[in-house]
Amino acid sequence: MNGQHLARTWEILPGGGYSTAWAGLTDRSLTARGRAVGLEPEPYWVTYALETGDAYVTSALRVTVETETGAGRRTLDLRHDAGRWSVDGEHRPDLDGALDCDLGLCPLTNTMPVLRHGLHRSPAGAAHAFLMAWVSVPGLEVTASRQTYTPLGPAGRSARIRYESGDFQSDVEFDGDGLVLDYPGLARALPQGPAAG
């Protein structure tokens with residue numbers, strides 16, 4: 001299956017840092033590895049590897065966080081197989097029914113539901129409701145998160161999608177590959193070309 005290799009870097013506004021992802025993208029799946037640094041609530045470094053199966057459904061997310069103080073080094077092994085989620089080997093029934101992970105302060109993980117439903121190519125339309133396995137950064141706590149994505153239609157070469165979760169709402173701009181360009185208050189993509197390979 002033909003695919004493309006992409007690299008993106010985002011300025012992460014709340015954490016005072018940056019997140020970079022190297023992604024392999026096909027018309028049915030996504031694999032990625034990434035690194036991030038932030039200053040809030042304390043200086044931290046994140047390394048992650050993401051794998052999806054067919055239709056961009058998460059199969060595995062492995063994350064390592066290192067901090068200068070507090071807990072020091074934390075790891076997470078999040079797995080999804082045939083509708084069943086596990087966190088570090090322990091079944092998490094509260095996550096069952098979710099298709100995607102959502103790594104906090106990581107704009108790449110907004111891509112999977114957008115690609116699966118073609119929301120970055122849709123005219124303004126109906127809301128899509130999702131259950132996500134949300135991972136906090138830098139704490140790596142995993143919780144079930146209900147989120148809504150509503151396509152608002154094209155905006156030049158990009159598209160806007162309204163993201164809602166609880167009382168939070170933001171109109172996020174996505175590029176033609178389904179990657180975040182501008183997530184007001186959270187992240188802004190820096191100019192980046194295709195990765196080698």
Side-chain angles (χ1 to χ4, degrees), residues 1 3-4 6 8 10 12-14 19 21 23-32 34 48 50-61 78-87 92-137 141-189:
M1 193 179 311
Q4 57 182 326
L6 303 169
R8 293 290 187 274
W10 295 270
I12 304 300
L13 305 173
S19 178
L25 187 61
T26 75
D27 59 358
R28 297 296 295 173
S29 66
L30 170 69
T31 59
Y48 69 87
L50 169 69
E51 299 171 19
T52 78
D54 192 45
Y56 309 104
V57 174
T58 297
S59 55
L61 176 69
L78 180 65
R79 303 279 176 149
H80 177 225
D81 183 31
R84 180 183 171 97
W85 288 84
S86 65
V87 175
R92 285 286 301 271
D94 58 314
L95 303 176
D96 291 349
L99 298 179
D100 305 297
C101 67
D102 184 2
L103 180 60
L105 304 179
C106 174
L108 179 75
T109 53
N110 294 105
T111 295
M112 290 92 78
V114 169
L115 291 178
R116 183 181 312 116
H117 296 279
L119 301 181
H120 60 309
R121 295 191 175 105
S122 296
H128 295 254
F130 303 105
L131 177 65
M132 305 287 194
W134 188 79
V135 181
S136 69
V137 170
E141 292 91 2
V142 183
T143 55
S145 171
R146 298 203 174 271
Q147 303 177 5
T148 302
Y149 287 55
T150 305
L152 302 178
R157 294 187 175 185
S158 61
R160 289 182 307 118
I161 298 170
R162 178 161 295 154
Y163 170 93
E164 296 173 273
S165 183
D167 295 330
F168 178 79
Q169 175 182 303
S170 186
D171 291 351
V172 184
E173 185 181 0
F174 287 81
D175 68 16
D177 295 312
L179 300 178
V180 169
L181 283 175
D182 184 30
Y183 194 141
L186 179 72
R188 182 172 41 240

Testing the basics here: between [X] and [Y], what is the closest heavy-atom pair and its distance to 0.1 Å?
X: A126; Y: P151; answer: O-CD, 3.3 Å
X: L78; Y: C101; answer: CD2-CB, 3.9 Å
X: G83; Y: D96; answer: O-OD1, 3.3 Å
X: P14; Y: L186; answer: CD-O, 3.2 Å
X: W85; Y: A98; answer: NE1-O, 3.0 Å

Determine whether [X] and [Y] make a side-chain contact, defined as any pair of heavy atoms from C-beta on separated by less than 4.5 Å.
X: V172; Y: V180; result: yes
X: S145; Y: S165; result: yes
X: Y163; Y: T150; result: no
X: T143; Y: L95; result: no
X: N110; Y: Y183; result: yes
X: T31; Y: T52; result: no
X: S19; Y: L105; result: no
X: L99; Y: M112; result: no

Please check: side-chain N/O of [X] versus main-chain N/O of [Y], any donor-acceptor pairing under 3.5 Å?
X: Y56; Y: D27; value: yes
X: S29; Y: T26; value: no
X: H120; Y: F174; value: no
X: R116; Y: A55; value: yes
X: D81; Y: R84; value: no

Show the numbers, then the answer: is there a side chain to side chain donor-acceptor pair (under 3.5 Å) between D177 and Q4?
CA-CA 10 Å; D177 295 312; Q4 57 182 326; 3.1 Å; yes
Ion pair check, R28 and D54, cut-off under 4.0 Å
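Salt bridge: yes.
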Closer than 4.0 angstrom, basic N to acidic O: yes or no for D171 and R162?
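A salt bridge is present here (some side-chain N lies under 4.0 Å from a carboxylate O).
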List the atom pairs, donor and acceptor, that lie under 3.5 Å between side-chain atoms in residues 127-137 and the rest of the protein, sequence neighbours left out.
{"from": "S136", "atom 1": "OG", "to": "L140", "atom 2": "N", "distance (Å)": "3.2"}
{"from": "S136", "atom 1": "OG", "to": "E141", "atom 2": "N", "distance (Å)": "3.0"}
{"from": "S136", "atom 1": "OG", "to": "E141", "atom 2": "OE1", "distance (Å)": "2.4"}

